[in-house]
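Each residue takes its place number in the sequence, starting with 1.
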Amino acid sequence: ELMTGYTMLRNGGVGNGGQPWVLRWSSRIRLTWLSFTLFVILVFFPLIAHYYLTTIDDADDAGKRIFGPRTGNELCEVKHVQDLCRIRESVSEELLQLEAKRQELNSEIAKLNLKIEACKKSIENAKQDLLQLKNVISQTEHSYKELMAQNQPKLSLPIRLLPDKDDVTFPLPKSNRNCRLHNCFDYSRCPLTSGFPVYVYNSDDYPFGSSLDPLIKQAFEATVRTNVYVTENANIACVYIILVGEMQEPVMPKPTELEQQLHSLPYWRTDGHNHLIINLSRKSETQNFIYNISTGRAMIAQSTFYDAQYRPGFDIVVSPLVHAMSEPNFLEIPPQVPVKRKYLFSFQGEKIESLRSSLQEVRSFEEEIEGNAPADYDDRIITTLKAVQDSKLDFVLVEFTCKNQPKVSLPTEWALCGERDDRLELLKLSTFALIITPGDTHLVISAGCTMRLFEALEVGAIPVVLGEQVQLPYNDVIRWNEAALIIPKPRITEVHFLLRSISDNDLLAMRRQGRFLWETYFSTSDNVFSTVLAIIRTRIQIPAAPIREEPAVEIPHRSGKAAGTDPNMADNGDLDLGPVETEPPYASPKYLRNFTLTAMDIYRNWNSAPGPFHLFPYTPFDPVLPSEAKFLGSGTGFRPIGGGAGGSGKEFQAALGGNVPREQFTVVMLTYEREEVLMNSLERLNGLPYLNKVVVVWNSPKLPSEDLLWPDIGVPIMVVRTEKNSLNNRFLPWDEIDTEAILSIDDDAHLRHDEIMFGFR
């Protein structure tokens, strides 16, 4: 276009529309220059201004600075700007304070680092000292063991010497009536460490076995199978036992035949030493057929003895076996109170002089009985007792003639009247039961007297024995004066006064002791057989076999709930109860005092119902639990409650004379389906010093809830399942108990820690 315009201008602007085109062109030229000018102004002028502003403040004169910083008064004239200034100043002050704190903390950190280094050095030094102390302790223990080995050498068990089977060099006494343990018993077969093995002959292997009473034979065999002393090895046996009665009358062998059969026993050894012939009586009828038999050095255990036959300290008077194959019904036994009953005393019996018995047939031994029998006081007894009954001062019942046919009895012996149930009903109404011994003083004991004694003790009638010459069952080891009255017959006129003068306290004590004797030594066939063995074992001073521990069947349970501390239980003031056991449970030392107990405490062991020891180890199924009997063990870990080695903790054992450096106790807690109460009781034991473990005896057949969370009290909790619900389960010797001291407690009993510690110490 420019060229076209130029051409048209050169041509003089001549053409169609020339002038308007020039105007349009000049207009365009002005727009172009205007645009260029605006571009230059908008681009270059800001650049120049920026350069000027950045260089003008470099002047040295502050007064010439146009855009430099000005004073605070000039800038803070506006209120908003003043607020911002105050904020800036506050922030500046806080920054200064933080910086000061930072410097202070850095200095403290430096000091702590120095202390840490010092502690590390102290720990290293302490470790060195501890190592030295351990070496010193180790050397001291080694020296102590050497001294103990020098002063207390280890003793091995004696070598057991068994005599030959056919040993006949044993010296014979002048007469079999003079037999005692020292001249008719072979101690070499019974060492102290033998365990008292007993061999029992099988009566069925011999002809007289078919004549035995079936009930007595079955009861005897059942007892033998469960006795801990019975062995099948006859070569190591200490005592040999043969059962010869009670025999049935029609098939009873002749005395000569029975004597030959006894002498032919495989271990009789010519004279029968170390043998025991047992003749048990289930009824009041007496069968003393052994009187006419030569028994040599064999011991005899039966209920009827003549003085020419009985050898004190050698033979044994046993009680009748009334409950042969069944346990006595303890629910039918009357209570021990009230002390006084309807009748002051009672007696029923009939004396038949002309009655013949097996004993009368052997009166050919009359020449062995020396002296004449004293005067018969039976007539005076009848007259006196009838006079007391007629006086009506007290209710008494005496009958000297049986309403029905009397039982078979020996000459001069008072026969029993009526059936056993009728006699028991009368004795239940009697405070005292009269027992008149036979008129023949050579008859030291009869089955009828022992039967009367058995029935009186069974129902709680205190026996009054008229005749001081009598030999009551187990009389050499039982103090019968604690359970019965033994009065000479000449004092019959004073009997009424004597019985009325006894106080109620004494009556109750005698009744309790009689009940204890009956339950422990008379009531069952197991008790009778165990008592006979215990008498022989105690006579020859062999410790009893340890009782079998009761296996504890644990019930699985979850524990983990942290047990709190009851403030009422833990508030002991300034009293220091002792340290809480943080180490594993510590078992008490083994209890080894056995021979001295057997040798020193014989009478105390036998006669005291509440005493510390009893005659023989009990079984869990006995009606009476002589719980301390287990402590006659032979050093196999059975421990006494509260006795033995002594000591109850290292903090106070020196002051109390304890001789062990450490001791703990076990809590045995009985419970029955009271989970919440049980959990609360267990939590109260938290923090209890000297606690070894807790044995929870679960008496319920229903197991505890699976979701039950047991408390964590710092010591093991053993939950034991029982076979039956019985309060006596607390006395079972659970094998989980490892301490001498045992706290037996119910789940609902609340004891403070200081009370428990008082009892433990």
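- Applying the side-chain hydrogen bond (donor to acceptor under 3.5 Å, both in side chains) criterion to Glu419, with sequence neighbours excluded, gives no partner residue.
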Begin from the C-alpha positions of Trp480 and Val465 and carry the test side chain to side chain contact (heavy atoms under 4.5 Å, CB included) through to its verdict.
CA-CA 10 Å; Trp480 279 106; Val465 182; over 6 Å; no

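- Residues Asp271 and His273 bring a donor and an acceptor atom of their side chains to less than 3.5 Å of each other.
- Put simply, the side chain of Arg511 never gets that close to the backbone of Ile462: no donor and acceptor are under 3.5 Å apart.
- For the atom pair CD (Glu399) and NZ (Lys386), the distance works out to 10.5 Å, reported to the nearest 0.5 Å.
- The closest side-chain heavy-atom distance from Val317 to Leu472 is not below 4.5 Å.
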Could you walk me through whether Tyr187 and Leu181 pass side chain to side chain contact (heavy atoms under 4.5 Å, CB included), step by step?
CA-CA 9 Å; Tyr187 281 90; Leu181 289 177; 3.5 Å; yes

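- Shown here are the side-chain hydrogen bond (donor to acceptor under 3.5 Å, both in side chains) partners of Glu332, two or more places apart in sequence or in another chain: Asn329.
- Using a 4.5 Å heavy-atom cutoff, the side chains of Asp315 and Tyr310 are in contact.
- Considering only residues two or more places apart in sequence or on other chains, Ser430 meets the side-chain contact (heavy atoms from CB on, under 4.5 Å) condition with Tyr343, Ser346, Leu426.
- Checking side-chain atoms of Ser303 against main-chain N and O of Val318 turns up a donor-acceptor pair under 3.5 Å.
- Arg297 and Asp186 are not joined by a salt bridge, as no carboxylate oxygen comes within less than 4.0 angstrom of a charged side-chain nitrogen.
- Nearest heavy atoms, Gln513 versus Ala483: CG-CB, 3.9 Å.
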Please list, one pair per line, the donor and acceptor atoms closer than 3.5 Å that link side chains of residues 448-459 to other protein atoms, with sequence neighbours excluded.
{"from": "Thr450", "atom 1": "OG1", "to": "Ser446", "atom 2": "O", "distance (Å)": "3.4"}
{"from": "Thr450", "atom 1": "OG1", "to": "Ala447", "atom 2": "O", "distance (Å)": "2.8"}
{"from": "Arg452", "atom 1": "NH1", "to": "Gln348", "atom 2": "O", "distance (Å)": "3.0"}
{"from": "Arg452", "atom 1": "NH2", "to": "Gln348", "atom 2": "O", "distance (Å)": "2.9"}
{"from": "Arg452", "atom 1": "NH2", "to": "Ala415", "atom 2": "O", "distance (Å)": "3.2"}
{"from": "Glu455", "atom 1": "OE1", "to": "Arg423", "atom 2": "NE", "distance (Å)": "3.1"}
{"from": "Glu455", "atom 1": "OE2", "to": "Arg423", "atom 2": "NE", "distance (Å)": "3.3"}
{"from": "Glu455", "atom 1": "OE2", "to": "Arg423", "atom 2": "NH2", "distance (Å)": "2.7"}
{"from": "Glu458", "atom 1": "OE1", "to": "Arg420", "atom 2": "NH1", "distance (Å)": "3.4"}
{"from": "Glu458", "atom 1": "OE1", "to": "Arg420", "atom 2": "NH2", "distance (Å)": "2.9"}
{"from": "Glu458", "atom 1": "OE2", "to": "Arg420", "atom 2": "NH2", "distance (Å)": "3.0"}

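- With hydrogens and angles left out, the side-chain atoms of Gln309 and Asn288 include a donor and acceptor closer than 3.5 Å.
- Under a 3.5 Å cut-off, the side chain of Asn183 and the backbone N or O of Arg180 do form a donor-acceptor pair.
- The two residues Ile290 and Ile300 come nearest to each other via the heavy atoms CG2-CD1, 3.7 Å.
- Looking at Gln248 and Asp213, their side chains never bring a donor and an acceptor atom within 3.5 Å of each other.
- The two residues Gly245 and Asn279 come nearest to each other via the heavy atoms CA-OD1, 3.2 Å.
- For the pair Val528/Ser319, a side-chain contact is recorded, criterion being any heavy-atom separation below 4.5 Å from C-beta on.
- Counting heavy atoms from C-beta outward, Leu331 and Ile333 have side chains that stay 4.5 Å or more apart.
- Proximity of a side-chain donor or acceptor of Glu350 to a complementary backbone N or O of Cys417 within less than 3.5 Å is not detected.
- Shown here for Ile293 and Pro255, the closest heavy-atom pair between the two residues is CG1-O, 3.8 Å.
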Under the side chain to side chain contact (heavy atoms under 4.5 Å, CB included) rule, what do Val200 and Ile242 come out as? Steps first, then yes or no, please.
CA-CA 6 Å; Val200 180; Ile242 182 67; over 6 Å; no

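- For the atom pair CD1 (Ile536) and CG (Leu276), the distance works out to 4.5 Å, reported to the nearest 0.5 Å.
- A centroid separation of less than 6.0 Å is found between the aromatic rings of Trp414 and Phe400.
- Taking the six-membered ring for Trp and thresholds of 30 and 60 degrees, Tyr201 and Tyr267 have ring planes inclined between 30 and 60 degrees apart.
- In this structure, Leu385 and Val396 have side chains that are not in contact, with every pair of non-hydrogen atoms separated by 4.5 Å or more.
- The structure places OG of Ser264 at 7.5 Å from OH of Tyr206, a figure rounded to the nearest 0.5 Å.
- Partners of Asp205 under the salt bridge (Lys or Arg N to Asp or Glu O under 4.0 Å) rule, at least two apart in sequence or in another chain, do not exist in this structure.
- With sequence neighbours excluded, no residue satisfies side-chain contact (heavy atoms from CB on, under 4.5 Å) with Ser210.
- A search for salt bridge (Lys or Arg N to Asp or Glu O under 4.0 Å) contacts involving Arg491 returns Glu494, not counting sequence neighbours.
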Please assess Glu257 against Lys254 for the test side chain to side chain contact (heavy atoms under 4.5 Å, CB included), listing each intermediate value before the final yes or no.
CA-CA 5 Å; Glu257 296 177 354; Lys254 296 181 179 180; 4.1 Å; yes

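- Under the side-chain contact (heavy atoms from CB on, under 4.5 Å) criterion, Thr223 pairs with Ser525, Asp526, Phe529, not counting sequence neighbours.
- Residues Asn292 and Glu259 share a closest heavy-atom pair of O-OE1, 4.4 Å.
- The side-chain heavy atoms of His275 and Val239, taken from C-beta on, include no pair separated by under 4.5 Å.
- For Trp268 and Tyr240, the gap between ring centers reaches or exceeds 6.0 Å.
- Interatomic distance, Leu443 CG to Thr437 OG1, rounded to the nearest 0.5 Å: 9.0 Å.
- Qualifying side-chain hydrogen bond (donor to acceptor under 3.5 Å, both in side chains) partners for Asn404, counting only residues two or more places apart in sequence or in other chains: none.
- At a threshold of 4.5 Å between non-hydrogen side-chain atoms, the residues Ile542 and Ser194 count as touching.
- Legend: residues meeting salt bridge (Lys or Arg N to Asp or Glu O under 4.0 Å) with Glu221, ordered by chain and number and at least two apart, are absent.
- For the pair Ile241/Phe220, a side-chain contact is recorded, criterion being any heavy-atom separation below 4.5 Å from C-beta on.
- Here CG of Asp378 is found 7.5 Å from OG1 of Thr412. Values are rounded to the nearest 0.5 Å.
- Centroid-to-centroid, the aromatic rings of Phe345 and Phe347 stay 6.0 Å apart or farther.
- In this structure a side-chain-to-backbone donor-acceptor pair under 3.5 Å is present from His263 to Ser294.
- Here Gln260 pairs with nothing under the side-chain hydrogen bond (donor to acceptor under 3.5 Å, both in side chains) rule; sequence neighbours left out.
- Although no hydrogens or angles enter the test, the distance criterion places a donor-acceptor pair under 3.5 Å between the side chain of Glu413 and the main chain of Leu410.
- The NE2 atom of His323 sits 12.5 Å away from atom CZ of Phe522, with the distance rounded to the nearest 0.5 Å.
- Partners of Phe314 under the ring-ring contact (aromatic ring centres under 6.0 Å, His included) rule, at least two apart in sequence or in another chain, do not exist in this structure.
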